[in-house]
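The structure displayed is predicted, hence computed values, not measured ones. The figures here come from the full heavy-atom set of this structure, side chains too, leaving out hydrogens, waters and symmetry mates.
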Amino acid sequence: MTRSQRRLCPSCGAYLAADNDGDQCGPCQRRAPEFIQEAPRLSADFWQADALAEAAAERHFGKLLLAYRKLQRPEPTQALVGQWLGLTQGQVSRIERSSTAVRDLDKLDRWARALHIPEQLLWFSLTARPIGHGERVALAASHASGAYDEGHDGVGTYLAADHGSIVQARPPAEGDGVHRRQFIKSAGAGLTAVGASLLVGTVPNPNQRRSRERPDASAEIREMTQVFRRLDNRYGGGHSRSVVTSYLNSTVAPLLQESTTGGGRSELFAAAAELHHLAGWMAYDTGHHADGHTHLRQALRLCHEADDERLASEMLAGMSHQAAFHGAPDSAVDLALASQHSAKRSGSKILQAEAAVMEAHGLALQGDKTGCLAALSRAEETFNKSAAEARPDWLTYFDHAYLAAKFAHAFRDLGLARDAEPFARRSLEMTDGYERGRLFNTALLATILADQRRLEESSALGMEATALASSVRSMRGTSYLQDLGTRLAPHRNVNPVKALFQSMTEIGVSPLDQVSRPGTPVRAAGRRGTPHQ
């Protein structure tokens, strides 16, 4: 089938993926309310289909999952089903294609519940699982937070609802048990005794007054956050997200509840805000958008409690970044402006530069070239004035390479690929320890070269990004590679591109799928992307 013969999505005009039998592309399907939070509850007649019964008789969840997708109209994509199951698109693909059935009952139980599969169809019994008060609160927060879209009113999206000290506890994604065991080895000596005991399952005694026993609580939280941040930058959010969530639930939340007044209260709240901020990025990195939204809003609330303008500016900049990623440029600009106001009140030039470049990216997505270039000029000017400014640990990532990546995104999204190229190359002059960021920026440069039809160079860089993706657990990384695949799709029969697509497929990334993240239709100027974080 030629490109001119392929079907178009009636909602946004994008080409439908070859395996999409539905009437809409994946992003448009995911914008429907029923696709945002969880899998749909299907009728009893649906579950009586012969294809499902035959798959269940073989006791092979992958075959059952494949039949489940193929029987629906419109057919949900692997990426969308992965969001419901807490898996990546590649993991769903491997489960469906594998000749070996999954035997882990914990996973089977979790997946069956996520898809609302009736127990009479299953070859195993579901465990009893009453819903407690904390889970009901988490579900309410998830529904209240919603997803980014053009209907949200910018800053108000984050500030409208305050659910108090909410930390959502989610079941670990596939492989998290293994990564939890590997975490201690990866973290090395950076773990405190308290953190190490948490990872091996020690349950804290709620009757102990932690604040009396550990007056250095804020220092401990920051120490743990540094360890988590290093692992996140190197291995992606999927590596230790469940460990961070456990630490927030069992250690940080009780400390915040016990804290009343005193000089250490602001420090404690600021330290907790930094960890919630990191947890929010990890959640987004693994495709748990509602969790990420909640963590970032909670982080901003804690910043206000701590009266920390610098940290509040950083939180708002992160929210702007995510709004751009999710296709809401109006919200991205509003949040960036709010971040600039906080940065100016704090007197920090480096934060003013960050907020300005976030604004520029949002304006680029709006197609406002004049406004974008003006914001980029402000970002460069204030960044150059910040050389002597001391930076906290949570801002060390914002350097020349990061700024260059944002410039590259802005120029590319304005349709100025040649102007974007030198900035994309500069973005690869990164310090060590940012493997996920290197994946993002390598793929970014590859897309810019693809837009210029420099296929051999683009494919070679795509190979480098694919190799990096094999050791990084990041759905955002998958999105970058799928974006590159979409740009190279018209040239799929050219040998370098063909080899790249084969390598991408081997690591579980479908190069011809729609980009697996929520978003709005892209303009002719180019697709949206995100820099490393």
Side-chain angles (χ1 to χ4, degrees), residues 1-30 74-80 82 88-90 92-93 327 408-409 412-413 415 417-418 420-421 424 439-440 442-469 475-530:
M1 180 183 295
T2 66
R3 188 172 179 86
S4 62
Q5 293 173 321
R6 288 174 59 188
R7 296 177 300 121
L8 298 176
C9 174
S11 299
C12 68
Y15 285 103
L16 297 182
D19 67 340
N20 188 345
D21 296 330
D23 297 325
Q24 290 184 310
C25 66
C28 287
Q29 290 179 26
R30 288 191 289 277
E75 177 187 325
T77 64
Q78 291 176 336
L80 180 57
T88 65
Q89 178 273 330
V92 173
S93 177
H409 275 285
R412 189 198 66 175
D413 291 338
R418 291 189 182 277
E421 182 183 344
L439 159 61
F440 292 172
T442 302
L444 169 64
L445 177 56
T447 62
I448 291 169
L449 295 174
D451 288 348
Q452 300 177 58
R453 297 191 176 185
R454 292 158 63 179
L455 304 182
E456 189 170 347
E457 291 178 86
S458 176
S459 298
L461 284 164
M463 285 289 198
E464 293 182 26
T466 301
L468 289 167
M475 289 189 71
R476 287 192 292 155
T478 299
S479 295
Y480 270 90
L481 292 175
Q482 288 177 326
D483 187 16
L484 175 60
T486 300
R487 295 169 190 270
L488 291 173
H491 314 287
R492 71 189 72 176
N493 294 323
V494 178
N495 285 335
V497 177
K498 188 184 299 183
L500 170 61
F501 280 14
Q502 181 178 350
S503 294
M504 290 170 65
T505 302
E506 287 174 357
I507 67 166
V509 176
S510 298
L512 299 179
D513 276 0
Q514 294 287 339
V515 178
S516 58
R517 64 173 184 263
T520 54
V522 295
R523 305 185 318 277
R527 290 182 177 269
R528 289 177 301 277
T530 57

**Message:** Working to the nearest 0.5 angstrom, can you tell me the gap between I507 CD1 and S93 OG?
**Reply:** 11.5 Å
**Request:** Identify the two heavy atoms, one from A420 and one from A408, that lie closest to each other, and give their separation to 0.1 Å.
**Result:** CB-O, 3.5 Å
**Message:** Contact between M463 and S503 at the side-chain level, heavy atoms closer than 4.5 Å - yes or no?
**Reply:** yes
**Item:** Contact check, side chains of R492 and K498, non-hydrogen atoms, under 4.5 Å
**Value:** no
**Message:** Can you tell me how far apart CG (L512) and OG1 (T505) are? Round to the nearest 0.5 Å.
**Reply:** 7.5 Å
**Item:** R487 bridged to D451 by N-O distance under 4.0 Å
**Value:** yes
**Request:** First locate atom CG of L481, then atom CZ of R476, and finally report the distance between them rounded to the nearest 0.5 Å.
**Result:** 13.0 Å
**Request:** Check whether any side-chain heavy atom of L488 lies under 4.5 Å from a side-chain heavy atom of S458, and answer yes or no.
**Result:** yes
**Asked** At what distance, to the nearest 0.5 angstrom, does NE2 of H491 lie from CG of L455?
**Response** 5.0 Å
**Item:** Check: L444 main-chain N/O paired with T447 side-chain donor or acceptor under 3.5 Å
**Value:** yes
**Prompt:** Looking just at side-chain N and O atoms, do S510 and Q89 make a donor-acceptor pair shorter than 3.5 Å?
**Reply:** yes
**Check against side chain to side chain contact (heavy atoms under 4.5 Å, CB included), T466 and L500** = CA-CA 8 Å; T466 301; L500 170 61; 3.8 Å; yes
**Request:** Check step by step if side chain to side chain contact (heavy atoms under 4.5 Å, CB included) holds for Q452 and E421.
**Result:** CA-CA 10 Å; Q452 300 177 58; E421 182 183 344; 3.3 Å; yes
**Asked** How long is the gap from CG on L80 to CD on E75, to the nearest 0.5 Å?
**Response** 11.0 Å
**Request:** List the steps and the verdict of salt bridge (Lys or Arg N to Asp or Glu O under 4.0 Å) for R454 and E457.
**Result:** CA-CA 6 Å; R454 292 158 63 179; E457 291 178 86; 3.0 Å; yes
**Message:** Can you tell me how far apart CG (L461) and CD (E456) are? Round to the nearest 0.5 Å.
**Reply:** 11.0 Å
